[in-house]
Amino acid sequence: MAGTADSAGRASTATDMPTAYRAPEVEPGIYRRWLEADVFDPDGAGSRADWSKPPFVITQPPPNVTGALHVGHALTAAIEDTLIRRARMQRHPALWVPGVDHASIAAHVVLDKVIAEEGETRQSLGRERYLERMWRFMDETRNVIAEQHYRLGVTADWRRLRFTMDEGSARAVRVAFKRLYDDGLAYRGERLINWCPGCRTSLSDLEVVANPTEGTLWHVRYHFVRDDGSIDPDQTLTVATTRPETILGDSGVAVHPEDDRYREAIGRRVMIPFVERVVPVIADSVVEREFGSGAVKMTPAHDQTDFETGRRHGLAVIDVMTDDGRINELGGPYAGLSREEARQRIVAALEERGDLVAAMPHEMVLGRCQRSDDVVEPRLKTQWFINVKPMAEKALAAVREGRTRFVPQRFEKVFFDWLENIHDWNVSRQLWWGHRIPAWYCIDGHTTVSDEEAGPSACAGCGRPASELVQDEEIFDTWFSSGLWPFSTLGWPDDTEDLRRFYPTTVMETGYDIIFFWVARMMMLGEWLTGREPFSVVYLHGMVRDPYGAKMSKTLGNVVDPLGVIRDIGADALRFALINGTTPGADQRLGESRLEGARNFGNKLWNAARFVLGARPPGIAADAGLALPEPAQLGPAEHWILDRCARTIAAAETAYGAFQLGEATRLLHEAIWSEYCDWYLELAKATLSDEQAPIERRAATWRVLVWVLDRYVRLLHPVMPFVTEAIWQRLPHTDSDPD
RNA sequence: GGGCGGUUAGCUCAGCUGGUCAGAGCGCCUCGUUUACACCGAGGAUGUCGGGGGUUCGAAUCCCUCACCGCCCACCA
């Protein structure tokens, strides 16, 4: 502590600096002072923003309400805070808009568990009470994750904190949807969609994850039906299928038009077993002659290819499933069974009949629900879709024209490929928690879309009063409101001052894993609705993995808990470790050793500062270190360190400017530790302690020490804000210096 | 089936548009209580930069090819 003396009887410090820097103990206090200084808001009382400079704006990827802060959030926050702090130090009006996402499906999963403990279910509560319960749950949890960001030293503008379910966002959703509807891009139609029987909702293509599976390819014989309707016992057609249970929904068999084996079969009819349905054999070139038997059973209600092929040939679409994944009443003897059970029984029955020709192991890809892992069932449903093609064109143009660029650039190709082959977006979800679709229907089947909170006053088709209209029960895909985020958080659709000043935003910083889910949607919706690209740079970071390269997960028990790390060694160490390990677009591994190294670095810096401040030669004013001495006073060592310092500043600035944050910290680590501490500090000790040396010499040495330290502390501040702040506060400086 | 990324010291990784790039951290070995720091210092060992070919005065860095590893996308049932 200040004022204590060490064993040599020398005042341990002329500075009030404790020997050991205890980050976890000092960080919260420093953060509080930043908050009190009101510097996070560019309009705040403590803001030193120079409004003649272009604003620097980041919209935080809103973490899910339901989640606890994990290391991925910490990386996101560390990078964004680094960028924002740099911009702020350069006096740009720097705005970082924080937010929280309502996470529709994820929130349902969590709340369902909570109410289960209370002995309730979604169904038992009913929609209204369930949503009331959800809002109560939100009130409890909504700010938790935001507040956890305080610990990281995040300087987002908390005054502008937003929630994807707040009124502003709700209005943006309504207005956006109405615009898309009026523009003819949003439509309701019956299409084959991805159905999750576990979540009991439709899913977008992105929410279905392809899962390579060792399945079985069953070869099944279908019997031909004679013209008189009787079954031909001798003539059969063998089809190959991986899903025998869908036989119940078959409405045809397809062969390749030029397949000589089946020329005779085309136009004839076969009998679908169990449901005793007579269906045609059609010819279509989608059929691969070499695969299986060369004949494919057609189940238009449960297979995308079959659906399209069936449509070309006028085949019936027979949905044989229920919402929870069982065989429905159209499944004849198998009605009521689960998909899996029905499959087993059908295979057994086919075998018994002698119609199972073969069953061979088969590598296949199974679509599973991203959330629940249930096998996704293609089904025919009436849903809301958005024709995203015209929007995709605009988003593509923004990147082609360089109005938005990706870091690293290679992701532009991924972005192009996806947008160039994009399909319509199924945006309606059969859930309760989320933005309800602002569409109303009348008894005559007219649809009225309204952006008014109260809904339409009358039917747009027939003028029926609102009292006779019924609102759509369904809600939007969570990503619809997220897609509006960069502008809805700034006040869109209103023409607000924030929107005018801060939109388009500057950098969208997020993980490469949500380019399609989020980045592409923001680009499309932003271009279409605001006429501008929502951000000029997309910076993509990688995943944080465990020391062995495995994905971190609670079940594996290999997670690095950011809050735990902060409690142990401080936020600076966590931030430095993450930033130092990051390369744009690349994954990194994080473990104990990297964190310790980062902690040691902070400590090293602290101790160097402690030495420098305590080594001021007698007779030298404390603020003498503000300016460099006359060149004549400099020795070779001073020339060397100043040269090194200048080069490091230039290199670090270049790296920071190119979003090479890891490179910047590596340069600073090297310069501070290996050059400044190991060499210059040691050489300076000799000069400073040399009683014979002229006082000017000693003063010059000390001033160089302070000057260089000040430069390095500033350069490092965006990454390690706490120690650098603690040190800088003790360095001589004037009020005009950036904080 | 397409596409992308990786393969550099024992481990984890930097090395952007070819010539102080053969590096860092951690680990390892030897020494060290000298006015910051043992969360430290001084010194040291370890690599034909995945294989092969090419371009060049010169390549870890550019081109071709092969081999593994990883990821993303994809309507062969």
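Below, each value reflects all heavy atoms present in this structure, side chains not excepted, and no hydrogens, waters or symmetry copies. Every chain is numbered from 1, with letters handed out A, B, ... down the list of sequences.
Side-chain nitrogen and oxygen atoms of A:Arg589 include at least one within less than 4.0 Å of the OP1 or OP2 phosphate oxygen of B:U12. Distances shorter than 4.0 Å separate none of the side-chain N or O atoms of A:Arg594 from OP1 or OP2 on B:U12. OP1 or OP2 of B:A14 has at least one side-chain nitrogen or oxygen of A:Thr583 nearer than 4.0 Å. Phosphate contact (OP1/OP2 of B:C39, side-chain N/O of A:Trp606, threshold under 4.0 Å): absent. The side chain of A:Lys604 places no N or O atom within less than 4.0 Å of a non-bridging phosphate oxygen (OP1 or OP2) of B:C40. A:Asn421 has no side-chain polar atom (N or O) that falls below the 4.0 Å cut-off from OP1 or OP2 of B:C73.
A donor N or O paired with an acceptor N or O is not found under 3.5 Å between the base of B:C26 and the side-chain atoms of A:Ser593.
Comparing B:G18 with B:G25, their P atoms sit 28 Å apart, to the nearest whole Å. Taking atom C1' in both B:A24 and B:A14, the straight-line distance is 7 Å, to the nearest Å.
Side chain of A:Glu288, nearest nucleotide from B:C40, B:G3, B:C76: B:C76.
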Dot-bracket for RNA chain B: what is it, with Watson-Crick or G-U pairs under 3.5 Å, [ ] where a pair crosses earlier ones, and | for a pair to another strand?
(((((((..((((.........)))).(((((.......))))).....(((((.......))))))))))))....
Listing time: all N or O pairs from protein to nucleotides 18-24 of chain B that are below 3.5 Å?
none

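Residues A:Phe291 and A:His362 bring their aromatic ring centres within 6.0 Å.
Around the CD atom of A:Gln409, the shell of radius 6.0 Å holds no more than 12 heavy atoms that belong to other residues, nucleotides or ligands.
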